[in-house]
Amino acid sequence: MDTITLWPLAALAAASTLVGFSKTAVSGANTISLAVFAAVLPARESTGVLLPILIAGDVLAVLVYRRHAHWPTLLRLFPAVAAGVVGGTVFMLWADDDAVGTSIGAILLFMSGITLWRRRATARAVEAAERVREPTAGAGASRSGAPPGGEPRTEAGPPGAEQEPPRTGRLKARAYGALGGFTTMVANAGGPVLSLYLLSAGFRKLGFLGTSAWFFLIVNTSKVPFSVGLGLIDARSLLLDAVLVLFVLPGAYLGRACADRINQTVFDRIVIGATVLGGLQLLLN
């Protein structure tokens with residue numbers, strides 16, 4: 001790794017601040033940090049430098065949102081994630097930077113389109129169901145506090161999880177988990193994949209952030225031996241990390257302050273928008 005001058009170092013510091021912000025506020029925004037690191041540093045080396053920064057952000061996010069994780073979702077994802085991490089490690093042994101960026105960018109854009117389609121289809125189905133139940137739903141909702149035709153939405157768990165057929169839920173968890181493990185190992189780009197999975201499952205802000213925090217603390221920590229074995233983390237990269245990690249804390253503080261003020265609909269749109277932008281950047285870079 002060559003000597004870094006002032007302006008590239010400032011860009012990396014800003015990207016590290018955004019890591020902290022994304023970990024405590026808008027998870028999909030982390031792809032912007034990925035893009036900055038890959039632009040300033042060689043692509044393969046950037047993944048090794050960024051990983052300890054991400055882990056520092058994960059620790060802060062867990063401290064803030066540790067009580068809001070939905071562990072059944074995490075346990076459902078982890079086996080497929082492990083397989084994806086192994087697959088990503090094998091891929092990194094032979095793929096060049098162009099192959100990595102193009103494949104991940106295409107996958108993220110495709111999954112963003114699928115998620116938008118699923119959300120619109122679900123919204124139409126809910127509207128149709130509410131029209132059918134409208135004559136009798138009002139009294140029941142006033143007594144129970146639940147929205148017409150559904151259960152109260154909680155902050156910890158996915159409100160619609162039980163409505164999905166078990167086999168479909170397992171297949172979706174395996175698909176997203178394997179893809180998330182692969183992309184997080186290849187380019188630290190698992191955030192958008194998990195974001196899309198949690199949004200499609202109906203998570204609200206606190207459940208989303210708490211589940212994401214524990215997921216990435218566990219997964220990113222488990223990636224360290226693989227990254228060391230691939231030569232992505234070494235003494236020089238850790239020296240740079242020692243400087244950049246100082247910028248994660250103010251970003252995390254700012255993200256926590258903003259998270260309470262972000263409307264749920266705006267939150268969902270920001271996550272999807274950041275995912276699309278990150279996918280375009282990876283595809284076109």
Side-chain angles (χ1 to χ4, degrees), residues 1-5 7-19 22-23 28-58 81-109 178-194 216-245 247-248 274-275 277-285:
M1 187 183 301
D2 298 329
T3 302
I4 300 177
T5 58
W7 287 113
L9 183 60
L12 293 177
S16 299
T17 302
L18 186 57
V19 166
S22 69
K23 293 295 183 179
N30 204 41
T31 53
I32 300 172
S33 299
L34 167 70
V36 172
F37 271 75
V40 173
L41 303 171
R44 285 178 61 89
E45 293 183 18
S46 72
T47 62
V49 175
L50 183 57
L51 182 56
I53 304 299
L54 294 173
I55 293 174
D58 294 328
V81 171
V85 168
V86 173
T89 302
V90 173
F91 183 75
M92 288 290 283
L93 290 174
W94 63 268
D96 59 18
D97 292 339
D98 291 338
V100 170
T102 300
S103 60
I104 294 177
I107 289 169
L108 293 181
L109 290 176
L179 182 59
F182 178 83
T183 55
T184 193
M185 185 65 228
V186 171
N188 292 315
V193 178
L194 182 66
F216 283 111
L217 178 61
I218 295 170
V219 171
N220 283 335
T221 302
S222 71
K223 286 161 48 183
V224 171
F226 295 97
S227 296
V228 172
L230 290 168
L232 303 176
I233 295 178
D234 55 23
R236 293 178 299 170
S237 69
L238 291 175
L239 183 61
L240 179 57
D241 285 325
V243 176
L244 296 178
V245 75
F247 296 91
V248 178
T275 301
L277 289 176
L280 285 172
Q281 190 280 329
L282 289 170
L283 190 62
L284 300 175
N285 186 30

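Along the sequence shown, the residues carry numbers beginning at 1.
- In this structure, L41 CG and L50 CG are separated by 9.5 Å, a value rounded to the nearest 0.5 Å.
- Under the rule for a ring-ring contact (aromatic ring centres under 6.0 Å, His included), F216 has no partner lying at least two apart in sequence or in another chain.
- Note that CE of M185 and OG1 of T183 are 11.5 Å apart. Values are rounded to the nearest 0.5 Å.
- Not counting sequence neighbours, the partners of T17 by the side chain to side chain contact (heavy atoms under 4.5 Å, CB included) test are F247.
- Scanning all heavy atoms of the two residues, the minimum distance from S46 to A38 falls at OG-CA, 3.7 Å.
- In this structure, CG in L230 is found 5.5 Å from CG in L93, a value given to the nearest 0.5 Å.
- Contact detail for A11 and V40: the closest heavy-atom pair is CB-CG2, 4.2 Å.
- T47 is not listed as a side-chain neighbour of L51, based on a closest heavy-atom distance of 4.5 Å or more.
- Within the 4.5 Å cutoff, no side-chain heavy atoms of V245 are placed close to those of P52.
- For W7, the ring-ring contact (aromatic ring centres under 6.0 Å, His included) test picks out no residue, with sequence neighbours left out.
- In this structure, V243 has no side chain to side chain contact (heavy atoms under 4.5 Å, CB included) partners at least two apart in sequence or on a different chain.
- A search for side chain to side chain contact (heavy atoms under 4.5 Å, CB included) contacts involving L109 returns V276, L280, L283, not counting sequence neighbours.
- Rounding to the nearest 0.5 Å places CG of L240 at 7.0 Å from CG of L9.
- Judged as a side chain to side chain contact (heavy atoms under 4.5 Å, CB included), and not counting sequence neighbours, A82 has no contacts.
- R44 places a side-chain N or O within 3.5 Å of a backbone atom of M92 that can act as its donor or acceptor partner.
- Taken from CG in L54 to CG in L217, the straight-line distance is 11.5 Å, to the nearest 0.5 Å.
- For S22 (side chain) and V19 (main-chain N/O), a donor-acceptor pair under 3.5 Å exists by modelled atom type.
- Separating the CD1 atom in I53 from the CZ atom in F37 is a distance of 5.5 Å, to the nearest 0.5 Å.
- Scanning all heavy atoms of the two residues, the minimum distance from I233 to G48 falls at CG1-O, 3.5 Å.
- Nearest approach of L244 to A13, heavy atoms of both residues: CD2-N, 3.8 Å.
- A15 and S33 get closest at one heavy-atom pair: O-OG, 2.8 Å.
- Contact annotation: the side chain of V224 never approaches that of S227 to less than 4.5 Å [non-hydrogen atoms, C-beta and beyond].
- The two atoms that bring A189 and L34 nearest to each other are CB-CD2, 3.8 Å, heavy atoms only.
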